[in-house]
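Residue numbers start at 1 and run along the sequence shown. Bear in mind the structure is a predicted one, so any value in this text is a computation, not a measurement.
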Amino acid sequence: MDGSGSPERGPGALGEPSGLLEAAEPGELRERPGELRERPGELRERPGELRERFGELRERPGERQERSGELRERPEERRERPGELRERPGELRERPGELREPGALLGAAEPAAPAELEAAGPGALRDLTALLAAAEPAALPDLTALLAAAEPGALRSAGPAALAGLAAALRGLAAPPRREQDGAEPRGRDTPPAAAAERAERVGAAFLLLLRKLEGAREPVPLPVLGHAFIFAVTHKDERPWTSARSRAVAQELLERLVRAAGCGSVEEFLRGKEGDEEGRFGAVMGLLKQELTKDTWKCNPASKDVFSWALLRVCRPWLCPHLERVLPPALLLSDDFQEENKVLGVRCLHHIVLNVPGADLCQFNRAQVVFHALYNHLYSREAPLLQAVLLCLLDLLPILERCQRRQGHGRATSHWDQVLQLLLTHMEAEHRLALRRVYAGTLPAFVTRLGILIVRHLKRLERVILGYLEVSDGPEEEARLGILQTLQCTIEHAWPRMPCRLPVLLKALLRLLWDVHTERGPTPEPVRAALLHGATQCLILLDRCCQGRVKVLLAGLHSSCEENRLRECLRKVQEST
């Protein structure tokens with residue numbers, strides 16, 4: 001005993017651990033940790049006493065971790081003896097758990113025999129899946145041999161999760177070369193296109209073999225396997241920098257095999273499901289693509305946007321509505337990109353959604369208003385293909401917005417139609433590029449028809465646009481002039497009370513058009529000339545009806561003095577109209 005009444009504790013005291021623990025104060029054990037580490041050998045020399053005193057049934061989990069760590073610490077010894085693994089297949093069958101170490105498969109210098117792979121069981125399948133996920137193409141021959149030797153039932157026994165992981169690893173191995181977050185090509189990591197196409201061809205062959213084996217089990221193919229195989233097939237079926245003729249043929253064959261394996265007659269039926277089947281496979285495909293279509297990742301895989309748009313455009317009403325939450329954000333993301341190609345693709349996806357989702361679902365949570373603002377910003381673009389896609393989408397979206405505001409009781413003096421048409425006329429008035437003039441003139445009649453009598457709000461600016469476009473030829477097909485003539489007809493029909501005051505200006509412009517079309521000797525085909533003359537004649541007839549026959553009176557002297565037979569025929573039609 002020391003002076004404080006406590007028993008003396010030195011190095012020898014470690015021989016009696018129970019007495020030490022019973023007599024020690026709680027703080028003293030923390031103050032002297034070094035003594036407990038000084039003689040660990042004595043604790044290991046008497047394990048029986050420790051287990052007896054602290055409970056024979058209580059094991060020491062630390063020992064299990066040490067023993068499992070010893071198995072992982074010596075991968076070199078397993079790789080040094082690849083021949084022993086092949087020479088002793090019986091031991092492999094007796095100990096399938098040890099095959100779950102990927103090093104055992106990597107150590108083989110050449111593909112294992114089919115009998116050995118068949119005996120390996122699900123453990124070998126998981127190991128190969130791990131290797132494929134790590135982008136190891138060398139594992140493909142082993143996987144092919146395993147699939148070829150496996151019985152359909154044995155492959156099924158691996159479980160849906162293992163098969164889904166295998167399909168995901170195969171798709172990842174054949175993915176196109178990844179890019180930076182902004183879509184740029186990575187520096188120093190260029191993958192030759194030929195190598196990527198060859199790898200995709202081998203992966204496609206593995207997918208085909210996997211499907212054949214799963215079909216042989218007389219049970220439905222797991223949905224994740226179908227989803228991964230579909231994404232792979234769509235990624236490689238078209239001409240792309242990462243495909244070749246052979247890889248495209250394999251991908252097309254895989255797509256056809258998928259449709260047959262699902263018991264469907266077409267890709268559309270494969271995605272949406274048969275009649276009465278609400279699920280289909282589109283939801284599974286979108287679930288697999290979800291992580292690849294975020295703001296930070298959608299440009300890393302150059303094929304993700306193509307797979308998304310290709311699948312989306314093949315799902316129509318009423319099967320698209322349940323997936324609205326999944327398809328709308330990626331479409332908006334594409335349309336908001338700085339590259340014109342992605343913008344056009346995104347707007348086309350938005351247009352498909354607008355056409356195939358009920359208006360009530362689009363108006364819920366203000367989705368339709370979000371889509372409108374995304375499209376409206378594109379009206380400032382100077383690219384004809386993008387403007388064409390945006391205007392066609394707006395023509396189908398604006399009626400939905402109008403009905404939504406009417407149901408909510410939000411009456412407005414000016415509608416979204418007025419907002420769009422005002423900006424459209426502003427751009428048309430100063431536009432000199434023929435491609436844009438054709439796009440504007442082609443969609444203008446639909447806006448005038450939809451506004452009806454309310455077009456009088458924009459009549460002054462619309463008149464200037466009509467006169468300017470009638471004066472300038474836009475090429476052999478005369479698309480802009482024909483569109484403006486149709487716009488003028490719609491304007492006269494809907495705003496006829498305002499036409500008498502504009503008769504002198506419009507009559508002069510139409511007669512000049514008749515003369516220019518008749519006298520011009522350009523490359524304009526004869527059917528186009530006939531269409532222009534017919535359109536101008538119809539506008540004159542409509543003006544005459546609005547102005548109580550004043551056009552006939554003004555053209556009476558002109559008809560008698562005209563020497564051109566073609567123009568005389570046009571004037572005669574106006575005189576004989578009722």
Side-chain angles (χ1 to χ4, degrees), residues 111 114 117 122 124-152 154-156 158-176 195-217 219-238 240 242-264 267 270-271 281-282 284-285 287-289 292 301 303-304 306-307 310-311:
L117 288 169
L125 187 64
R126 285 192 290 270
D127 294 335
L128 289 169
T129 301
L131 292 180
L132 294 175
E136 290 290 342
L140 272 175
D142 289 344
L143 176 64
T144 304
L146 174 63
L147 293 177
E151 294 293 333
L155 197 58
R156 279 282 188 178
L163 294 175
L166 175 61
L170 282 172
R171 180 170 71 90
L173 185 62
E198 181 182 358
R199 187 167 56 191
E201 180 186 352
R202 290 188 291 158
V203 170
F207 263 123
L208 286 170
L209 184 57
L210 177 63
L211 282 179
R212 281 197 293 268
K213 291 293 182 178
L214 293 177
E215 287 181 81
E219 294 181 13
V221 181
L223 195 59
V225 176
L226 293 176
H228 286 295
F230 175 83
I231 295 174
F232 167 83
V234 177
T235 300
H236 297 275
K237 75 178 189 65
D238 294 326
R240 293 288 188 271
W242 56 84
T243 64
S244 64
R246 297 178 61 182
S247 66
R248 291 193 292 270
V250 172
Q252 185 63 37
E253 181 183 357
L254 177 61
L255 186 60
E256 296 171 359
R257 184 92 187 192
L258 281 173
V259 174
R260 291 196 302 270
C264 302
V267 176
F270 172 85
L271 289 171
R281 289 99 190 154
F282 182 70
V285 172
L288 297 175
L289 288 175
E292 300 180 16
N301 187 342
S304 297
D306 298 322
V307 176
W310 195 88

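The minimum heavy-atom distance between Leu163 and Pro222, with the atom names listed, is CD1-CG, 4.2 Å. Between Phe207 and Ala167, the closest heavy-atom pair is CZ-O, 3.5 Å.
Two residues are said to be in side-chain contact when any heavy atoms from C-beta on lie closer than 4.5 Å; Val234 and Asp306 fail this criterion. Residues Val221 and Leu258 are not in side-chain contact: their nearest non-hydrogen atoms beyond the backbone lie 4.5 Å or more apart. Taking 4.5 Å as the limit, every side-chain heavy atom of Phe232 sits out of range of all side-chain heavy atoms of Leu170. Phe230 has its side chain within reach of Val267: a pair of non-hydrogen atoms, C-beta onward, lies under 4.5 Å apart.
Within 6.0 Å of CZ on Arg260 lie more than 12 heavy atoms contributed by other residues, nucleotides or ligands.
Distance CG/Leu255 to CZ/Phe270: 8.0 Å, rounded to 0.5 Å. Considering NZ of Lys237 and OG1 of Thr243, their distance stands at 10.5 Å, rounded to 0.5 Å. The CZ atom of Arg199 lies 12.0 Å from the OG atom of Ser247; values are rounded to the nearest 0.5 Å. Rounding to the nearest 0.5 angstrom, the gap separating the CG atom in Leu288 from the CD1 atom in Ile231 is 4.5 Å. A distance of 11.0 Å separates CG in Leu226 from CG in Leu271, rounded to the nearest 0.5 Å.
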message: Using salt bridge (Lys or Arg N to Asp or Glu O under 4.0 Å), reason through Arg257 and Glu215 one step at a time and then give a plain yes or no.
response: CA-CA 10 Å; Arg257 184 92 187 192; Glu215 287 181 81; 2.9 Å; yes

- request: May I have the step-by-step check of side chain to side chain contact (heavy atoms under 4.5 Å, CB included) for Glu256 and Val259, ending in yes or no?
  value: CA-CA 5 Å; Glu256 296 171 359; Val259 174; 5.8 Å; no

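A donor-acceptor pair under 3.5 Å links the side-chain atoms of His236 to the main chain of Ala174, judged by distance alone. Counting only distance, with no hydrogens or angles, the side chain of Thr235 and the backbone of Val307 share no donor-acceptor pair below 3.5 Å.
Scanning for side chain to side chain donor-acceptor pair (under 3.5 Å) contacts around Arg171 gives His228, Glu292, with sequence neighbours left out.
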